[in-house]
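Quick caveat: nothing in here was measured; it's all calculated off a predicted structure. So that the names make sense, note that chain A is the first sequence line, chain B the second, and so on, each numbered from 1. Hydrogens, waters and symmetry mates are skipped; everything else that's a heavy atom, side chains included, is used.
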Amino acid sequence: GAGVSQSPSNKVTEKGKDVELRCDPISGHTALYWYRQSLGQGLEFLIYFQGNSAPDKSGLPSDRFSAERTGGSVSTLTIQRTQQEDSAVYLCASSLGGFVARLGYTFGSGTRLTVV
Amino acid sequence: DAKTTQPNSMESNEEEPVHLPCNHSTISGTDYIHWYRQLPSQGPEYVIHGLTSNVNNRMASLAIAEDRKSSTLILHRATLRDAAVYYCILRVAGGSEKLVFGKGTKLTVNP
């Protein structure tokens, strides 16, 4: 597609429920990143996928968070047993593959998750 | 990751130039300087990047100091749509793939 697409755009869930957030990267972009942004805060890195390499999961805050990327394209971020502190905007970005310091990211508009 | 320092906030008037500074005194020779901006309720948007020479594109200009320890993002004529948080980030060649975002500079544009 023309840009990075995320769904849903908004999600309200009850504490303790599981949620799945979806990201469709730009076609041909082999690198995909998840960030989250709590209200009034900066962006916090969560996880990074590059081609068939093992993902960099160093930013996942707990084992309730997991992500997968199927077929090198669409990615799903799953949060199990959601807590109120998980409320944030979850942002996905993609870029052309490989580590090239001059390349920029393209971000989606995010999924606003509210845990009540 | 190499660290950058930006003012928390700046103000400008519409149709005037804006110079957004960034200090990166620990930059190494192969680190690229990237700028992103985040408009309200949107994801960050790539603005510009550079290595050593000044750069221009349709959105902005990037002026890089000769010693590369600082840079300035220049918006030639600010519009109300330029009100955003501007992030200056170093992409470390050979380092971690992930971009590390700081707090950025919140730019307010007055009509």
Flag if over 12 foreign heavy atoms under 6.0 Å of CG, B:Leu80: yes

CG/B:Asp67: more than 12 non-hydrogen atoms of other groups inside 6.0 Å: yes

Expected output: side-chain B:Tyr36 to main-chain A:Tyr105 donor-acceptor under 3.5 Å: yes

Non-hydrogen side-chain atoms of B:Pro44 and A:Leu91 separated by less than 4.5 Å: yes

Shared hydrophobic cluster, B:Met59 / B:Val55 (ILVMFWY, side-chain heavy atoms < 4.5 Å): yes

Contact origin within A:Gln37 toward chain B - heavy atom pairs under 4.5 Å: side chain

Same apolar cluster (I L V M F W Y, side chains within < 4.5 Å links), A:Ile79/A:Leu32: yes

Distance flag, aromatic centroids of A:Tyr35 and B:Phe101, threshold under 6.0 Å: yes

Within residues 103-111 of chain B, residues adjacent to chain A where the heavy-atom gap is under 4.5 Å: B:Lys103

Transitive ILVMFWY side-chain link A:Leu60 to A:Tyr48, under 4.5 Å: no

Interatomic spacing from CG in B:Leu99 to CZ in A:Phe107 - rounded to 0.5 Å: 6.5 Å

Residue part contacting chain B, namely of A:Thr106, when any heavy atom lies under 4.5 Å: neither

Atom pair CD (B:Gln38) and CG (A:Leu43), whose distance is rounded to the nearest 0.5 Å: 5.5 Å

Residue A:Arg64 excluded, over 12 heavy atoms near CZ under 6.0 Å: yes

ILVMFWY cluster, A:Tyr90 and A:Tyr33 together (side-chain gap under 4.5 Å): no

Enclosure of A:Glu85 CD (heavy-atom neighbours >12, cutoff 6.0 Å): yes

Residue B:Arg68 excluded, over 12 heavy atoms near CZ under 6.0 Å: yes

